[in-house]
Amino acid sequence: MEAMVNNIRVEKAATSKIHDVDFDNLAFGSTYTDHMLVSDFVNGEWKEPKIVPYGPISLEPSAKIFHYGQSIFEGMKAYKDVEGGVWLFRPMENCKRLNKSAERLTIPELPESYFMDGLMALLQLEKDWVPKNPGSSLYIRPFMFASGSGFHASPADEYKFIIALAPSGAYFSGKVKVLIEEKYSRAANGGVGYAKAGGNYAGQFYPTQLAAEKGYQQVIWTDDNNHEFIEEAGAMNVFVRINDTLITAPTSDRILDGITRKSILDIAEDENIATEVRKISVHEVVEAAKNGTLKEMFGAGTAAVVSPIAGFGYKGMDYDLPVLAESYAEKLKKRITDIQYNRAEDKFGWRHQVV
Ligand SMILES: *Cc1c(COP(=O)(O)O)cnc(C)c1O
């Protein structure tokens, strides 16, 4: 069955799985919708994207993704308001960042219209999959990888771009205990840390597993030179509140330019919260914890919005953070999610309506 949605060709799934899904008990990112968007890069160009039934894809064992790791992705969400309207949050930022990542991994740039028009058509088709329970959303996973084959260590000649969708429940991480990393690094100067490359995650799993064995749910990444400055919290940007100032590290080769991070900086300014974008030394954080001026630490990213930190370990010592009646983390999370779910005025122009 062929149809068109918003000028995008659609091959419809024979049956829908939507009635098999328990929308009251959704995990994060493990149930998928009926359709996905696919575009292929062949003969030197990206072909017009089309929507097809969600399902397995077939690749040669010699496909370069398996050997040389040319693989990048994005993470975004669609939110449903009480009237059934569906919204995206700053989607062009994801589109631009995908192409920034693509450039670093020698993957050909995707035309922005393929990303945006394809995503809008897919979401219009799948709008009933956007959950409406509080805190839940439709997680959107755009990704691109080398599908061209050959054991020669060089960029592939063929690539695939796919957008898959996963209705997801609220992301409750609870407060986490983190370990400030002294040995391993997530990223290095001149490396790919600023790109959303799959390999960055592969390299994080082992140190994160070692930290988990010691009772920490997450790693605070430090700079690769001397492990002197804190840079990210797991796969999130990191914020530290000392007294009443909110501090985050500047973006660099090693730090991903998070959309949540920059939205938090703008909202904090709007709330008259003092912000500083500068290097944060581990020494400064430890001293602040000791003298009681360290009020909060939290991760920031699309999945959890903010992920509050209960305490951290460093050089065999554990430091607890205070429990505050009114935290910046809660206040900023509320402001951002009120915009995302169309519950508040959008003075920054961040919302993008789908239907
Ligand atoms: C995706 C990601 C973030 C958060 O980016 P958002 O745009 O806010 O979702 C932060 N750090 C790393 C390493 C990431 O991969």
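For the numbers below, each heavy atom of this structure counts, side chains included, while hydrogens, waters and symmetry mates do not.
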Is there a side-chain contact between T208 and Q218 (heavy atoms, below 4.5 Å)? no
Test side chain to side chain contact (heavy atoms under 4.5 Å, CB included) on C95 and E74; report intermediate values, then the result. CA-CA 8 Å; C95 177; E74 276 300 323; over 6 Å; no
Enumerate the residue pairs fulfilling side chain to side chain donor-acceptor pair (under 3.5 Å) with a member in residues 98-121, sequence neighbours excluded, ordered by first and then second residue. K96-E112
Would you indicate whether Q217, at its atom CD, is surrounded by more than 12 heavy atoms from other residues, nucleotides or ligands within a distance under 6.0 Å? yes
Count the heavy atoms of every other residue, nucleotide or ligand shown that sit under 6.0 Å from NZ of K175, and state whether that count exceeds 12. yes
Among all residues two or more places apart in sequence or in another chain, which pass the ring pair (Phe, Tyr, Trp, His ring centres under 6.0 Å) test with Y328? none
Between R335 and D270, is the closest basic N to carboxylate O distance under 4.0 Å? yes
By side-chain hydrogen bond (donor to acceptor under 3.5 Å, both in side chains) - contacts of N243 (at least two apart): none
Listed by chain and number, what are the side-chain hydrogen bond (donor to acceptor under 3.5 Å, both in side chains) partners of E276, not counting sequence neighbours? R278
Salt bridge check: are E45 and K47 linked by an N-O gap of less than 4.0 Å? yes
I264 side chain reached by T248 side chain, heavy atoms, under 4.5 Å: no
N7, CG atom: more than 12 neighbouring heavy atoms under 6.0 Å: no
Determine, using the 4.5 Å side-chain heavy-atom cutoff (strictly less than), whether I259 and F348 are members of one ILVMFWY cluster. yes
Report yes or no: does E296 contribute a side-chain atom to a donor-acceptor pair with the main-chain N or O of A329 at less than 3.5 Å? yes
Do W350 and F89 have ring centres separated by under 6.0 Å? yes
When you check the side-chain N and O atoms of T251 and D257, is any donor under 3.5 Å from an acceptor? no
Taking the side chain as everything from C-beta on, heavy atoms only, tell me whether F41 gets closer than 4.5 Å to E158. no
Would E231 and R186 pass as an ion pair if we require N to O under 4.0 Å? no
When you measure from the side chain of D157 to the backbone N and O of G148, does any donor-acceptor pair fall under 3.5 Å? no
Quick check against the 3.5 Å criterion: does D253 have a side-chain atom that pairs as donor or acceptor with the backbone of A188? no
Answer whether the closest heavy-atom distance between the side chains of F115 and L98 falls below 4.5 Å. yes
V306 versus I336: any side-chain heavy-atom pair under 4.5 Å? no
Go through the structure and list residues passing ring pair (Phe, Tyr, Trp, His ring centres under 6.0 Å) with Y201, not counting sequence neighbours. F73
Looking at E11 and K50, does any basic side-chain N land under 4.0 Å from a carboxylate oxygen? no
Could you tell me whether the side chain of N200 and the main chain of A195 form a donor-acceptor pair under 3.5 Å? yes
Nearest heavy-atom approach of L179 to A211 is CD2-CB, 3.9 Å
Decide whether S154 and K64 meet the rule of one side-chain donor and one side-chain acceptor closer than 3.5 Å. yes
Taking side chain as C-beta onward, heavy atoms only, is R241 less than 4.5 Å from I273? no
Non-hydrogen side-chain atoms of L256 and R97 separated by less than 4.5 Å: yes
Which residues satisfy the salt bridge (Lys or Arg N to Asp or Glu O under 4.0 Å) test with D338, sequence neighbours excluded? K334, R343
Should we count CD of E182 as having more than 12 external heavy atoms under 6.0 Å? yes
Is it the case that the side chain of S137 and the backbone of Y79 share a donor-acceptor pair, with hydrogens and angles ignored and the cut-off at 3.5 Å? no
What is the ring orientation for Y54 with Y32, classed by angle as parallel under 30°, tilted 30 to 60°, or perpendicular over 60°? parallel
Going by the angle between their ring planes, with limits at 30° and 60°, are F312 and Y319 parallel, tilted or perpendicular? parallel
How about K262: does its NZ atom have over 12 heavy atoms from other parts shown lying under 6.0 Å from it? yes
Counting C-beta onward and ignoring hydrogens, is there a side-chain heavy-atom pair between W129 and F23 closer than 4.5 Å? yes
